[in-house]
Amino acid sequence: AQSVTQLDSQVPVFEEAPVELRCNYSSSVSVYLFWYVQYPNQGLQLLLKYLSGSTLVESINGFEAEFNKSQTSFHLRKPSVHISDTAEYFCAVSENNQGGKLIFGQGTELSVKP
Amino acid sequence: DAGITQSPRHKVTETGTPVTLRCHQTENHRYMYWYRQDPGHGLRLIHYSYGVKDTDKGEVSDGYSVSRSKTEDFLLTLESATSSQTSVYFCAISESTSGRTQQFFGPGTRLTVL
């Protein structure tokens with residue numbers, strides 16, 4: 001069965017520092033991987049996704065994630081964070097033939113301090 | 001932003017009372033989902049719908065029922081609310097059930113059961 005583990009529930013970091021939010025998944029078949037972001041008191045928005053092809057995917061606001069099949073990981077990184085990146089980040093996985101259902105990780109709360 | 005609204009946005013109710021949450025979309029997407037979000041659990045799927053009058057159970061469906069009489073509306077009902085159903089509820093929509101397809105989320109409903 002699918003599962004997703006986000007290894008850190010909270011990540012405090014200073015502005016302009018690099019950050020990595022870790023995500024590992026388990027699945028016996030090929031998967032599609034997503035990172036969603038939730039700003040305070042809002043719904044979830046898609047940040048980036050891996051479907052196929054290049055294992056490194058990027059978002060428009062400077063985040064990137066790398067799909068590592070051998071380590072079953074999809075860690076999210078940003079070289080220099082801003083105060084506005086403060087949010088909760090969710091890793092999610094889906095498979096073909098599963099009705100489009102997403103399995104989410106527990107979430108990582110990123111707190112960027114000045 | 002995808003045209004998804006949820007109502008009410010906040011609700012406080014008492015144990016044992018029935019509660020209905022509404023999700024309304026203007027995107028004409030066929031597929032709709034209800035999730036609950038709880039600290040330490042991420043988002044978990046309650047029920048989903050593949051079309052009008054076509055619904056199925058998700059991971060945490062006990063105590064919940066759903067109905068979809070129109071493409072644009074997906075209702076979630078707690079027949080007799082319990083304190084364990086205190087949570088934030090999110091509706092999501094998608095264009096297909098392919099695992100590659102992004103889901104779009106509503107703003108959420110915060111439900112408190114006293």
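Just so we're clear, the structure is a prediction, and the values are computed from it rather than from any experiment. So you know, we letter chains A, B, ... as the sequences are listed, proteins then strands, and number each from 1.
With a 4.5 Å cut-off on non-hydrogen atoms, Glu59(B) does not touch chain A at all. Residue Arg44(B): no heavy atom, backbone or side chain, is found under 4.5 Å from chain A. Proximity to chain B (any heavy atom under 4.5 Å) is restricted, for Gln38(A), to the side chain, taken from C-beta onward. Contacts between Tyr48(B) and chain A at a heavy-atom distance below 4.5 Å involve the side chain alone, from C-beta outward. Interface remark: Glu88(A) contributes side-chain atoms only to the contact with chain B (heavy atom separation under 4.5 Å). Looking at Leu45(B), only its side chain comes within 4.5 Å of chain A, counting heavy atoms on both sides. For a residue to count as touching a neighbouring chain, one of its non-hydrogen atoms must lie under 4.5 Å from one of that chain's; by this rule Thr101(B) touches chain A with the backbone only.
Leu76(A) and Val4(A) end up in the same hydrophobic cluster when Ile, Leu, Val, Met, Phe, Trp and Tyr side chains are linked at under 4.5 Å. With hydrophobic clusters built from ILVMFWY side chains whose heavy atoms lie under 4.5 angstrom apart, Phe90(A) does not share a cluster with Leu48(A). Leu47(A) and Leu51(A) fall into different hydrophobic clusters, where Ile, Leu, Val, Met, Phe, Trp and Tyr residues are linked whenever their side-chain heavy atoms come under 4.5 Å apart, directly or through other members. Grouping the Ile, Leu, Val, Met, Phe, Trp and Tyr side chains by contacts below 4.5 angstrom, directly or via other members, places Trp34(B) with Val60(B). In the hydrophobic clustering of ILVMFWY residues, with side-chain heavy atoms under 4.5 Å counting as a link, Val37(A) and Val81(A) come out together.
No more than 12 heavy atoms of other residues, nucleotides or ligands shown are found within 6.0 angstrom of CZ on Arg110(B). Counting non-hydrogen atoms of neighbouring residues, nucleotides and ligands closer than 6.0 angstrom, the CD atom of Glu14(B) reaches no more than 12 such neighbours. Enclosure of atom CG in Leu114(B) by more than 12 non-hydrogen atoms of other residues, nucleotides or ligands within 6.0 angstrom is indicated.
Within residues 105-114 of chain A, the residues having any heavy atom under 4.5 Å from a heavy atom of chain B are, by residue number, Gly105(A), Gln106(A).
Taking the side chain as every heavy atom from C-beta outward, Gln103(B) and Tyr36(A) approach each other to under 4.5 Å. Side-chain contact check for Tyr32(A) versus Gln102(B): every heavy-atom pair is 4.5 Å or farther apart.
Here the CG-CG distance, from Leu43(B) to Leu44(A), works out to 5.5 Å after rounding to the nearest 0.5 Å. Taken from NZ in Lys101(A) to OH in Tyr33(B), the straight-line distance is 9.0 Å, to the nearest 0.5 Å.
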